[in-house]
Amino acid sequence: MIVRASQLFLPTLRADPADAEVASHKLLVRGGFIRQVSAGVWTYMPLGWRVHQKVVQIIREEMDGIGAQEMLAPVLTPGELWETSGRYDLPVVFKLQDRNGRKFVLPMSHEETFTFHAKEVQSYKQLPQVWYHFGTKERDEPRPRGGLLRVREFIMKDSYSFDRDEAGLDESFRKHAEAYGRIFERCQLEFYEVEAESGEMGGKDSNDFLAPGAGENFLVRCENGDYAADIEAAHGVPSTADFPAVLAAPEEVETPGMRTIDEVSKLLDVDPRATAKAMPVVAEGKVVLALIRGDDRLDEAKIAAVLGQFVRPAHPEEITETFGADGGSIGPVGSPVPVLADEALREGQYVVGANRDDRHLKGAQAGRDFEAEFADLRRVKEGDSCPNCGGNLTIEQAIELGHIFKLGTFYSIPFEANFLDEDGTEKPLVMGSYGIGPGRVIAAIVEQHHDEEGIVWPRSVAPYDVHVVTLPGVEEQAQEASSALDAAGLSVLLDDRDARAGEKFADADLIGLPSRVTVGKKTLEDGAVDVRERATGEERRVPIASLGEAF
RNA sequence: CGGGGCGUAGCGCAGCCUGGUAGCGCAUCCGCUUUGGGAGCGGAAGGUCGCCGGUUCAAAUCCGGCCGCCCCGACCA
């Protein structure tokens, strides 16, 4: 295939768009791949759509490879299906009504619809089934951002597995994980499969596929490659505290006006890591005192996992009412409410609030001076050690490319999606669901494959294989070169525009096809062209006659 | 939803404080010259200054309300 740039809708921009921050957003817009229509709503223009199609085809091949069956479910979905699952009232769900006031949902994923169809599965003999589609998803995101990173409408490949039992689900889950690995490898992505929070899905196990780069997730990794986790699920070993001399009993000290760990540790000349921070929270109407080491941050996802969904920090009035002291001076010793302490505080003696204004206690020790439940509450941070090998942990931003869930019977029970098993009993289907966002895959590829000049597409997803740049006076030779490449099965973008060489080269670098062929006046003398690799800048001279074999 | 910023030609911006016929660069169109890393000269086209209202002889500019977009946070299959 040969496409002429002079006829192509490819509006490249010389400057970065003013509202873009991340590299993939800037480059995809500048390169004429995508344009914004509204916040979090994008059009894929011809080049961008070609990339999307390439990614989709890779996903399709790998899904088909594990026996999944492609179909297409509608966007417009009756509200009753979502009332059945209980998801109708989630705030991110787009809802609308028809002229008769009948409720509809624009779904953000299709569990309900696919489970609805799964009611037609009758017998264990038909299992397992794996169905998927590339469907348009809608989400009333409170805050879209970062180009394709977080959007309100997007295409997702979502698949759903239906098995007889847990063992079958494990197998479907494993196959998906392997297929996902192959998909991301074919897209030349560096990625990590990590444990994830299941959110509102009610599922048990769920794994995220994270690609380092920009993005909204934080990936924790060990330098030795034996540990990777999303920060919300990650465990780190905190650095060792520098404890002062051991005390036989807690000792009260005056700390007038000292409210923060920083102030207290400076005043008392104590390592902040040898202090403990008390954070009263309210869960289900009850106050609990969360206790973490002075240098740590409370991880809200982790405390929510222990105390339940609705945890909030206590209000100042609640604190003084409960503890009889200001928030800067409260502590676990003599606490009127249960203490939930981070694992790091099991051993050692810490400086804590005395539950009296302007007083702290030195040498407070869990088990001796106060009772506490222990849990992992601290947010992993730079400088922590790997829980497996003790190596250094690093934290980097990452894009969530895909998410795989073991749903179990969360949907099949309310939908009564049952089958008759070998033993003659009726059982609910055991389900899994598995998503990949091609748009995020594209963003991640650009994040990981670009330089100062523009995008550097991996060949597997490049919109075209070769960019042929024609300089003036050699139009015929450029056509000849393009035909040779086309005959060799390569797709060609022929830049036949009446533009200056520099402009064409700059656009070629920006658009980022893997190879560039320059046809210029020299070609008239030697019948050869310059072939340049976008990734390396390496250039070689190749006769047009043998261009086909040069790739 | 809380905090901050922005809205003027296709893109990037100035003008607003201190009201008086709307400007710059790039892009676009025509002509000539030029042509291996974003050319030069000459000519031209293109804007309800986000929207509504108010103040004023006069509003891009001052005041009020609304809308949209970006960033941080909250939120988040």
Side-chain angles (χ1 to χ4, degrees), chain A residues 9 11-22 25-26 29-30 32 35-41 85 87 90-93 107-112 137-147 149-152 154 156 158-160 196-203 205-209 215-217 230 232 300-301 304 309-310 312-313 400-407 410-411 432-437 440 453-454 469-475 478 495 497-510 516-525 529-530 532 537 539 541:
Chain A
F9 180 46
T12 57
L13 302 176
R14 185 179 292 219
D16 283 334
D19 52 10
E21 304 247 313
V22 297
H25 184 182
K26 289 180 186 169
V29 171
R30 273 190 61 201
R35 284 292 185 270
Q36 187 171 50
V37 177
S38 173
V41 179
S85 68
R87 291 210 297 173
L90 291 182
V92 290
V93 177
M108 54 193 190
S109 65
H110 278 77
E111 278 79 3
E112 285 81 357
K137 312 295 171 180
E138 310 283 346
R139 252 179 231 194
D140 194 357
E141 283 289 351
R143 181 147 107 79
R145 64 188 104 177
L149 291 183
R150 184 182 178 95
V151 293
R152 297 203 297 172
F154 59 104
M156 179 160 84
D158 43 329
S159 43
Y160 302 89
E197 290 297 309
S198 297
E200 289 147 355
M201 288 314 307
D205 278 329
S206 87
N207 286 4
D208 265 337
F209 288 80
E216 303 192 287
N217 292 63
D230 188 282
E232 292 186 0
E300 282 127 46
Q309 279 285 11
F310 303 100
R312 61 166 174 87
E400 183 186 335
L401 301 169
H403 202 159
I404 57 178
F405 282 94
K406 292 186 183 176
L407 296 172
F410 189 84
Y411 290 88
S433 87
Y434 318 86
I436 294 181
R440 280 190 173 176
E453 314 305 323
V469 172
T470 324
L471 299 178
V474 290
E475 288 74 15
D495 192 347
R497 295 173 303 165
D498 180 20
R500 307 198 51 93
E503 207 170 329
K504 293 187 177 190
F505 291 149
D507 272 351
D509 291 343
L510 174 61
R516 185 184 85 193
V517 166
T518 308
V519 185
K521 251 190 291 195
K522 282 182 281 177
T523 307
L524 293 175
E525 293 153 24
V529 295
D530 291 307
R532 182 189 171 95
E539 200 160 279
R541 194 128 185 103

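So you know, we letter chains A, B, ... as the sequences are listed, proteins then strands, and number each from 1.
A pairwise comparison of heavy atoms in A:Pro144 and A:Gly40 identifies CB-CA, 3.5 Å as the closest pair.
Nucleotides B:U35 and B:C41, compared at atom C1', are 16 Å apart to the nearest Å. Here, B:C13 and B:G36 have their C1' atoms 33 Å apart, quoted to the whole Å. Nucleotides B:C57 and B:G12 are separated by 39 Å at their P atoms, to the nearest Å. Comparing the P positions of B:G47 and B:A9 gives an interatomic distance of 11 Å, to the nearest angstrom. Rounded to the nearest Å, the gap between the P atom of B:C49 and that of B:U8 is 11 Å. Between the P atoms of B:C1 and B:U55, the separation comes to 31 Å (whole Å). To the nearest whole angstrom, the two C1' atoms, one in B:G23 and one in B:G46, are 14 Å apart. Using atom C1' as the reference point in both B:G2 and B:U56, the two lie 37 Å apart (nearest Å).
Where A:Asp498 and A:Met156 each meet RNA chain B at their nearest nucleotide, the meeting point lying more 5' is that of A:Asp498.
Checking B:G36, B:C71, B:C69 against the side-chain heavy atoms of A:Glu21 singles out B:C71 as nearest.
Between A:Ser38 and B:C69 there is a side-chain polar atom (N or O) within less than 4.0 angstrom of OP1 or OP2. The shortest distance between the side-chain N/O atoms of A:Arg143 and the OP1/OP2 oxygens of B:C72 is below 4.0 Å.
Taking 3.5 Å as the limit, the base of B:C76 and the side chain of A:Arg150 contain a donor-acceptor pair of atoms between them. Judged by distance alone, with hydrogens and angles left aside, A:Asp16 brings no side-chain donor or acceptor close enough to the base of B:G12 to form a pair under 3.5 Å.
A:Gly520 comes within 4.0 angstrom of a nucleotide base, judged by non-hydrogen atoms across all strands. Contact annotation for A:Gly146: backbone-only contact, meaning every heavy-atom pair under 4.0 Å involves sugar-phosphate atoms and none involves a base. Within the 4.0 angstrom heavy-atom criterion, no nucleotide atom of any strand lies near A:Glu141.
In this structure A:Glu400 satisfies the salt bridge (Lys or Arg N to Asp or Glu O under 4.0 Å) test with no other residue, sequence neighbours excluded. Here A:Tyr160 pairs with A:Phe114 under the ring pair (Phe, Tyr, Trp, His ring centres under 6.0 Å) rule; sequence neighbours left out.
Taking atom CZ of A:Arg312 as the reference point, atom C1' of B:C75 lies 17 Å away to the nearest angstrom. Between A:Asp230 atom CG and B:C76 atom P there is a gap of 14 Å when expressed in whole angstrom units. As a whole-Å value, the separation of A:Arg35 CZ from B:G10 P is 14 Å. When the P atom of B:C71 is taken as reference, atom CG of A:Asp19 falls 7 Å away, rounded to whole Å. Rounded to a whole Å, the CD atom of A:Glu216 is 9 Å from the P atom of B:C72. One atom, CZ of A:Arg152, and another, P of B:C76, lie 18 Å apart when rounded to the nearest Å. One can place NZ of A:Lys26 at 15 Å from P of B:C70, the figure rounded to the nearest angstrom. The CZ atom of A:Arg145 sits 16 Å away from the C1' atom of B:G5 (whole-angstrom rounding).
A side-chain donor-acceptor contact under 3.5 Å links A:Ser109 and A:Arg87. For the 3.5 Å distance criterion, the side chains of A:Asp507 and A:Thr12 qualify, holding a donor opposite an acceptor.
In this structure, B:G23 forms a base pair with B:C13, meeting either the Watson-Crick or the G-U wobble geometry with both donor-acceptor distances under 3.5 Å. Across the strands present, B:G53 finds its partner in B:C63; the criterion is a Watson-Crick or G-U wobble pair with both atom distances under 3.5 angstrom. The partner of B:U18, taking Watson-Crick or G-U wobble pairs whose two distances both stay under 3.5 Å, does not exist in any strand shown. Across all strands shown, nothing is found opposite B:G36 as a Watson-Crick or G-U wobble partner with both distances under 3.5 Å. Pairing partner, B:C29: B:G43, with both Watson-Crick or wobble hydrogen-bond distances short of 3.5 Å.
Under the 4.0 Å criterion applied to side-chain N and carboxylate O atoms, A:Arg516 and A:Asp530 are not assigned as salt-bridge partners. A salt bridge does not link A:Glu138 with A:Arg152: none of the charged nitrogens is closer than 4.0 Å to a carboxylate oxygen.
Proximity of A:Val29 to A:Leu13: side-chain heavy atoms (C-beta onward) are separated by under 4.5 Å at one or more points.
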Filtered N/O pairs between nucleotides 37-43 of chain B and protein, under 3.5 Å:
| unit_1 | atom_1 | unit_2 | atom_2 | d |
| --- | --- | --- | --- | --- |
| B:G37 | O4' | A:Gly502 | N | 3.4 |
| B:G37 | O6 | A:Arg516 | NH1 | 2.9 |
| B:G37 | O6 | A:Arg516 | NH2 | 3.2 |
| B:G37 | N1 | A:Asp509 | OD2 | 3.0 |
| B:G37 | N2 | A:Asp509 | OD2 | 2.5 |
| B:G38 | O4' | A:Glu503 | N | 3.3 |
| B:G38 | O2' | A:Arg14 | NH1 | 3.0 |
| B:A39 | OP2 | A:Arg500 | NE | 2.7 |
| B:A39 | N9 | A:Arg500 | NH1 | 3.2 |
| B:A39 | N7 | A:Arg500 | NH1 | 3.1 |

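One finds the CG atom of A:Asn207 at 11.0 Å from the OH atom of A:Tyr434 (value rounded to the nearest 0.5 Å).
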